[in-house]
Every structure is written in structure tokens, then in C-alpha cells.
Number of protein chains: 2
Amino acid sequence: MKVLIVEDDPLHRSYLHEAVNAALPECDTIVEAENGTEAERLARDHKSAHIVMDLQMQTRNGIEAARTIWKERPDTRILFWSNYSDEAYVRGVARIVPDGAAFGYVLKSASEERLKLALRSIFIEAQCVIDREVRGMQQKSLGQTKGVSDSEYEILIDIALGLTDRAIARRRNLSLRSVQNRLQQLYEKLDVYQSSSDEQDEGRFNLRARAVAVALLRKLLNYNALERAETELAEWLDIRN
Amino acid sequence: MKVLIVEDDPLHRSYLHEAVNAALPECDTIVEAENGTEAERLARDHKSAHIVMDLQMQTRNGIEAARTIWKERPDTRILFWSNYSDEAYVRGVARIVPDGAAFGYVLKSASEERLKLALRSIFIEAQCVIDREVRGMQQKSLGQTKGVSDSEYEILIDIALGLTDRAIARRRNLSLRSVQNRLQQLYEKLDVYQSSSDEQDEGRFNLRARAVAVALLRKLLNYNALERAETELAEWLDIRN
DNA sequence: ATAAATGGTGCGGGATCACGCAAGACGAAA
DNA sequence: TTTCGTCTTGCGTGATCCCGCACCATTTAT
């Protein structure tokens, strides 16, 4: 068995190396990459079916890399090893995992035992392992119970990018009024009215900007999500001019 | 000499421990904290004058901790050891360092040699050491040459929090028009017009929201800065109602 | 000292946003 | 089939935003 480790921090990389060695005696070769692009290349060259990688890396993040890797070889098993359980990351991962693929998501704060267990479960047993803390997020984000629905999330991203209502309407093929409807749904979900209608006129908020702020504070949105959205927007702009 | 290490990642913590041992033979005791609040307590108890700490920690970040520590003991020497050189972090640090205090800012990606050198320079020689890469940021952020000035940064934070023009005017004791003036300056600095006036009507941006987006993408703003600003805002709201 | 730059303020208007009201479309439940 | 809920869209309005055109007060430069 071959394992590809993708992690930009050398300390964490060597830690992962040891963990893989200890947890998977059936693993004979370990390959290491320190960013997303390198990971894609190595995964292609080595036909790696077993990858453990960090989500946040400076040059090319884990989600991007995972997407292209899975596109080429959908049965690849990937264990994401991340510092954060931000809803934005969970959404990002959930959005790209192919049907039936085995993957995992464990936090760096998890014990070494947990990491080793996850390694065996995914790479040997082909089971999905998702950290308890992250699991809560996922339920909330995919189920339409309490959290923000997909269409609301979509429009959240659009206003976070700074698009106009009209521009969003064009992009998503909606009427202007529909966009504004969704915006209002979003505002309610994010509880943006709370502080503005509070006392008299004090602390009045610009709803649109406030929505982005609370989304960031609640980690519904983060830098990576924004960055991805920005490149997608740029592509879309290129196509239609 | 006593050194306090503040770092939430155990791997990095032990790495720092070794580095301090190797670089500072005159150091006889090393104390470790794994978050900001613990750091404040330990700094107080041990009267630590030498601290090396991470900036981003989940429970209480380094900037908060450093501020209270420096408030109690302004001659404390602090070496910040951070993953990122975001302008938001640099600004955050620059904003709180007392006059004449020795401090440092080195990136985690720096070589071990560089870290050790910085440790000696700051703790022994009381010199300020700032990573080359970070230095560029600082020049840009403090000098009014190209970057965003302080007043512009202030208003950037306000719109990022989602405040109305009127609310900002009240908060900063300005007229409504002045707020809007500053906003326009900010829009120019952030080059928000670029894409909107580009072609015909395509890709129209909501300037206010777009400004926040590009500030985030340029790392002028980040989660921590926003979080700090949010608590400051909450305090301000408390005072005046 | 006069001139230019810098920063705050008022006025006014066109564009955009937030949103109530209401009508049509579609699938699900009765 | 009827009815209900969700989604989409149009119309209209008041609030807010963006910003050009002044005017004035300080500072800085010549």
C-alpha cells in the first residue's frame, strides 16, 4: 500500500509520517507533498489511492487539490486533516466528494489514537470517518432544518463577493425580485435584524454588509471559501464577455 | 532567565521548547501555556519578561493576550511567531506595542536558525526583529504612501462589521458626508472601480460589499481583526444605551 | 504671506437596496 | 381534484448609498 501525505507544515508532515507508519504496517511507501499542486502531480504519477492531507495550505488548498484528484480517480480515499471545523470547510468538502467515495475529516486537535483509527478505517475498511465535532456541522449544513440552505448559501457568497442584486440575478438566472427574496430569507436565518430593530435608532446595520459579517463570525464563510468563490466569479465573467 | 511559551499546537510547542533551549543556554526555566488566558495568568504569576507566542489560538488569540500583558508590564519582550504575514495581523500588533518595548515577529515558515537568532536578539539584546516579509507589510501599512491609511482602515472595519453610514458617523463623531468621503477614498485605494466600470454593465459591484471582499482577499482584513472589531463594537453599543 | 494641499461639512440627485403586497407556477398532501 | 406550501416574479415606495459640486478650516509648501 502506498500513502500520499500532503501538508505544508514540516512538523505536522513528519508527525503524519510517523502516524501512518505506526497505524498502517501494510503501508510500504510514503510520498510527501507540501502543497496542492504537488499533491495533484504526485497523485497522478503514483496512482495514489490513499491520501491524507491538510485543508489549508498557502499555494493551493486541499479542497482544490482534492477536486482535481477525485475528478481523475473518483475512488481515491482521502483523509482531510484540518485545524478547523468551520462550516465553510465542511461545505467545501461535502460539495466535492464523489458518490460512494470513502473519505474522512479529522481535526488536528484530535488525539493520535483517533487519527490512527481514522487512517485504518478509511484506508483499510473504506469507511467514512467524520470527527464528531465536524459531524454536527455537516448535519446542520446539509439538512435544511436550522442552518442556511444551499440557495441561501449561494446568495450569501454572491453578496460576500460584492455583487449587485442585478448582477446576482444575471449570474443565477433569476429575476431581481427573487434575488431580493432570497436575501431576506438569508437575513432572517442570520438573525441580522436582532440588533438593528433593538432599541431606537442606535446600532443600525446595513443588512447586506452585516449578513456577511455575521456569516464570517459564525464561520459560515471563511477566507478559503471566499477565495474559491472569487476565482469562480472571475471564470464566469470571462465566459460571458 | 525565564521564558514563557504560548502556543496551542503541541507539536509547535515542543518545537519552540527545543529551539529556546538550544538558542538560550542562559534560560533556566521554561513555562508553557496553550492559550491566551493561560498566558496572561502565567505571565502575571511568573512575572515573565520574555514571551514567545503564537498569534492565532482558538480560545484567546495572541494579540488580546499581548495587550493585557503589556498593559500590566510594558517592558515585557514578546516574540510573535505566526503562520501568516497578513496585514491585518501586522496592524493588530503594531497597534498595541508600547513605546520602546522590544518585540519580534517571525513567520513559522522561517528557518530554525532565523528563529534562534530572533530569540537571542530580542531576549538578550532587546532589539526588535521583524521578518523581512512582514516588514514590507508594516512599511506599507504605517506609511501613507500606497497602502490604506489609518482612518481608511477604521472605516473599512466599520463597513465590514455592517454598520450604516449614519451609524459610523455617530461612532466616529463625523458628519454623514465625511463618512462617505472616507468611503470613497477607501474605494479608490482598494481599486473597487476597476471591474465595475470595466465593460458595459457586466460585473457590476456593490462598492461597499466589494470593498470588504477585496480587503479580505488582500488579507487587509481577516477573521481575527473582524472578531476584535466586533467585540469593540459591542462594548461601544453597551456604553451608549 | 500667499498659495496649495488636506480633511470636514452641507446640498442635491440618481441608483440601489429593503421589502410589503399580490399574482401565477409547481409539486405535495388530502 | 382540491388545497396548501414553497418558489418565482412584477410593481411600487421609502430608506440608504454613491458621489459631484461647492464652501470652509488647518496645515504645509513656496
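Here is the naming used below: chain letters follow the sequence lines, and residue numbers restart at 1 for every chain. Below, each value reflects all heavy atoms present in this structure, side chains not excepted, and no hydrogens, waters or symmetry copies.
- In the helix from C:dA3-D:dT28 to C:dA30-D:dT1, the terminal helix axes, each the rotation mapping four pairs' C1' atoms onto the next four within five end pairs, subtend 30°, rounded to 10°.
- Applying the salt bridge (Lys or Arg N to Asp or Glu O under 4.0 Å) rule to B:Glu72 yields the partners B:Arg44; only residues at least two apart in sequence or on another chain are considered.
- Per the geometry, CD belonging to A:Glu188 stands 13 Å off C1' belonging to C:dG20, to the nearest Å.
- With sequence neighbours left out, the salt bridge (Lys or Arg N to Asp or Glu O under 4.0 Å) criterion links B:Asp165 to B:Arg208.
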Dump the pairs, protein N or O against N or O of nucleotides 4-6 of chain C, anything under 3.5 Å, distances to one decimal.
none

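- Residues B:Val106 and B:Ala118 share a closest heavy-atom pair of CG1-CB, 3.7 Å.
- Closest to the side chain of A:Arg204, from the set C:dC17, D:dT16, D:dC17, is D:dT16.
- Annotation: salt bridge (Lys or Arg N to Asp or Glu O under 4.0 Å) contacts of B:Glu154 (sequence neighbours excluded): B:Arg172, B:Arg182.
- Evaluation of the side-chain contact (heavy atoms from CB on, under 4.5 Å) rule for A:Ala49 yields no partner, not counting sequence neighbours.
- B:Phe123 pairs by the ring-ring contact (aromatic ring centres under 6.0 Å, His included) definition with B:His50, not counting sequence neighbours.
- Distances shown here put every side-chain N or O of B:Tyr187 at or beyond 4.0 Å from the OP1 or OP2 atom of D:dC17.
- A search for side-chain contact (heavy atoms from CB on, under 4.5 Å) contacts involving A:Asn224 returns A:Gln56, A:Asn61, A:Tyr89, A:Asn222, A:Glu227, not counting sequence neighbours.
- Every salt bridge (Lys or Arg N to Asp or Glu O under 4.0 Å) that B:Arg114 has, sequence neighbours left out, goes to B:Asp131.
- Across the protein-nucleic acid pair, B:Leu183 atom CG and C:dT9 atom C1' stand 15 Å apart, rounded to whole Å.
- When rounded to the nearest whole Å, the span between CZ of B:Arg172 and P of C:dG7 equals 17 Å.
- For the pair B:Asp165 CG and D:dC18 C1', the computed distance is 9 Å after rounding to whole Å.
- Atom CG in A:Asp158 sits roughly 16 Å away from atom C1' in C:dC17 (whole-Å rounding).
- Rounding to whole angstrom units, CG of residue B:Leu207 and P of D:dT16 are separated by 19 Å.
- Atom C1' of nucleotide C:dA18 and atom CZ of A:Phe205 are separated by 17 Å, given to the nearest angstrom.
- Partners of B:Gln127 by side-chain contact (heavy atoms from CB on, under 4.5 Å), not counting sequence neighbours, listed by chain and number: B:Ser121, B:Glu125.
- Applying the salt bridge (Lys or Arg N to Asp or Glu O under 4.0 Å) test to residues at least two apart or on different chains, the pairs with a partner in residues 49-59 of chain B are B:Asp54-B:Lys108.
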Give each protein N/O atom lying under 3.5 Å from an N/O atom of nucleotides 7-11 of chain D, with the pair distance.
unit_1: D:dT8; atom_1: OP1; unit_2: A:Arg182; atom_2: NH2; d: 2.6
unit_1: D:dT8; atom_1: OP2; unit_2: A:Arg182; atom_2: NE; d: 3.4
unit_1: D:dT8; atom_1: OP2; unit_2: A:Arg182; atom_2: NH2; d: 3.3
unit_1: D:dT9; atom_1: OP2; unit_2: A:Ser175; atom_2: N; d: 2.7
unit_1: D:dT9; atom_1: OP2; unit_2: A:Ser175; atom_2: OG; d: 3.3
unit_1: D:dT9; atom_1: OP2; unit_2: A:Ser178; atom_2: OG; d: 2.4
unit_1: D:dT9; atom_1: O5'; unit_2: A:Ser175; atom_2: OG; d: 3.2
unit_1: D:dT9; atom_1: O4; unit_2: A:Asn181; atom_2: ND2; d: 3.2
unit_1: D:dG10; atom_1: O6; unit_2: A:Arg177; atom_2: NE; d: 3.1
unit_1: D:dC11; atom_1: N4; unit_2: A:Arg177; atom_2: NE; d: 3.2

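- What separates CG of B:Leu163 from P of D:dC17 is a distance of 10 Å, to the nearest Å.
- Looking at A:Arg166 and B:Arg204, their side chains never come closer than 4.5 Å, going by heavy atoms from C-beta outward.
- Between B:Arg208 and C:dC17 there is no side-chain N or O to OP1 or OP2 distance below 4.0 Å.
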